[in-house]
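Here the structure is a predicted model, which is why all the values come from computation and not from measurement. The basis for the numbers below is simple: all heavy atoms, side chains too, and nothing from hydrogens, waters or symmetry mates. Throughout, protein chains are lettered first and strands after them, A, B, ... in sequence-line order, and every chain is numbered starting at 1.
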Protein chains: 2
Amino acid sequence: MNQDGVDLETSLGYLLKEASSVLRAAMEEVLRPLGMSVTHYSCLELLAQRPGLSNSELARGAFVTRQSMNVLLQTLEREGYVTRPAEAPVGKVLPTRLTPRGRRSLEKATVAVRSVEVRMLAGLTETEQSGAFRILRSMIHSLRDGNDGA
Amino acid sequence: MNQDGVDLETSLGYLLKEASSVLRAAMEEVLRPLGMSVTHYSCLELLAQRPGLSNSELARGAFVTRQSMNVLLQTLEREGYVTRPAEAPVGKVLPTRLTPRGRRSLEKATVAVRSVEVRMLAGLTETEQSGAFRILRSMIHSLRDGNDGA
DNA sequence: CAACCTATGTCAGAATCCTGACATGAATCA
DNA sequence: TGATTCATGTCAGGATTCTGACATAGGTTG
């Protein structure tokens, strides 16, 4: 049961993974009563903020493959949360939009998720939060830069 | 191809997920030539720093279930990277240890992973890094506190 | 204009991981 | 001491996700 003293805890990468893991668990916990998974919620949130997103764009935004997002979209469409045109208005892209039902479902989820984020940020000053924001963006940028160009 | 302007990017939770996702992808990229997955590497690194860890403890440290860690350990044991006693010296816990081969394998992986972490931290001052460390620990603590007690 | 390259949506298969459940050993407590 | 509670290792099953592959549409370049 020794959990202290692990030198891995001096690694920012490990800490990042741990934070992300805990955040995901917390989100799943509050989303489960609503019958929603994290990817499910992410998809709806993305569509609310950027209506007409394609399957591939949604996949990138939710950090899953387009194949996984596709099966999710088919379920969401079948259950009436989103709509996709039967035929692509241009090219092969099928722009997806929230239905009123999807919007209602998202509202409750947003409240739940926001409460988790508030809890996560408790104890941090505004300055610290903006600092964290800037640092995370820097990490993402630095990692992406040398991703395939190395 | 619009990727800017997403309001989700003002969310620290989303940014945390994005950073973790990019970090994982970067680690997988450098680990793949070594025939190693991230969980695989995490397991070895944990064992190097805390020899004798049990399957359940390794699972918690690598953020997977003990069932998943168990199948990984069976593979690692079969391939000679780790050793577990045939019988538990005390209770049911089987303390796991790295073999010389496992240690050698880990060394190369550690170099690769460390290069990713260095790249991630490029452009951040020492002060910013320790700030990020403190902020992430605060987030984890805040989320864990109200995890099941709410 | 034609060939090439990229991106998208989709299908099929495999791999991975998790949920549920069981028996066993240790610790706690009456 | 005996019962209870908790944690561990393990097995079986199912669900989710990913990898690989294909055809098609659009833009690019010669």
Side-chain angles (χ1 to χ4, degrees), chain A residues 1-3 17 20-21 24-25 27-29 31-33 35-43 46-47 50 52-79 82-97 148, chain B residues 1-3 17 20-21 24-25 27-29 31-32 35-43 46-47 50 52-78 82-97 148:
Chain A
M1 236 78 81
N2 284 323
Q3 192 153 358
K17 186 177 179 181
S20 178
S21 172
R24 186 178 189 90
M27 286 179 65
E28 279 172 348
E29 187 177 0
L31 251 24
R32 194 176 309 121
M36 212 179 284
S37 73
V38 173
T39 304
H40 185 139
Y41 159 75
S42 301
C43 176
L46 283 164
L47 283 175
R50 298 190 65 82
L53 243 41
S54 73
N55 175 41
S56 292
E57 289 169 322
L58 287 169
R60 280 193 292 268
F63 310 109
V64 295
T65 62
R66 50 205 169 127
Q67 291 88 337
S68 296
M69 182 55 73
N70 200 19
V71 305
L72 173 60
L73 276 185
Q74 286 173 358
T75 302
L76 292 181
E77 188 175 16
R78 174 162 27 89
E79 295 177 355
V82 305
T83 54
R84 281 194 294 181
E87 291 193 2
V90 54
K92 301 185 65 176
V93 175
L94 297 175
T96 311
R97 294 181 177 278
D148 50 350
Chain B
M1 231 77 82
N2 283 323
Q3 194 154 356
K17 186 178 179 180
S20 177
S21 172
R24 185 179 189 88
M27 288 179 64
E28 278 172 350
E29 187 177 0
L31 252 23
R32 194 177 309 122
M36 212 179 284
S37 72
V38 174
T39 305
H40 186 139
Y41 159 75
S42 300
C43 177
L46 282 165
L47 284 175
R50 298 190 67 81
L53 242 42
S54 72
N55 174 41
S56 292
E57 290 169 322
L58 287 169
R60 280 193 292 268
F63 310 109
V64 295
T65 62
R66 41 198 180 140
Q67 291 88 338
S68 296
M69 182 55 72
N70 199 20
V71 305
L72 173 60
L73 277 185
Q74 286 173 359
T75 303
L76 292 180
E77 189 176 16
R78 174 163 27 89
V82 305
T83 53
R84 279 195 295 181
E87 291 194 3
V90 54
K92 300 185 66 177
V93 176
L94 297 175
T96 312
R97 293 182 178 278
D148 49 352

Among [options], the one nearest [X] by side-chain distance:
X       : options                : answer
B:Lys92 : C:dG9, D:dC11, C:dT24  : C:dT24
A:Val64 : D:dG9, D:dC18, C:dT8   : D:dC18
A:Val90 : D:dG26, D:dT17, C:dA26 : D:dG26
B:Arg84 : C:dG9, D:dG9, D:dT10   : D:dT10

Should [X] be listed as having a side-chain N or O under 4.0 Å from OP1 or OP2 of [N]?
X       : N      : result
A:Ser68 : D:dC18 : yes
A:Thr65 : D:dC18 : yes
B:Arg66 : C:dT19 : no
B:Arg60 : D:dA7  : no
A:Asn70 : C:dG9  : no

Practice task
Kindly indicate whether the side chain of B:Gln67 and the base of C:dG20 share any N or O donor-acceptor pair separated by less than 3.5 Å?
Solution key: yes
Problem - Derivation of the side chain to side chain contact (heavy atoms under 4.5 Å, CB included) call for B:Leu72 and B:Thr39 - result: CA-CA 9 Å; B:Leu72 173 60; B:Thr39 305; 3.9 Å; yes
Practice task
Please name the pair of heavy atoms, one in B:Leu58 and one in B:Met69, separated by the smallest distance, quoted to 0.1 Å.
Solution key: O-CE, 3.5 Å
Handout entry: Donor-acceptor pair between A:Ser68 and A:Thr65 side chains, under 3.5 angstrom
Key = yes
Exercise for the section: Could you check whether A:Ser54 gets within reach of a base, just the sugar-phosphate, or nothing at all, counting any heavy atom under 4.0 Å? Expected result: sugar-phosphate
Practice task
Assess whether side chain to side chain contact (heavy atoms under 4.5 Å, CB included) is satisfied between B:Thr96 and B:Thr83, documenting all intermediate values.
Solution key: CA-CA 6 Å; B:Thr96 312; B:Thr83 53; over 6 Å; no
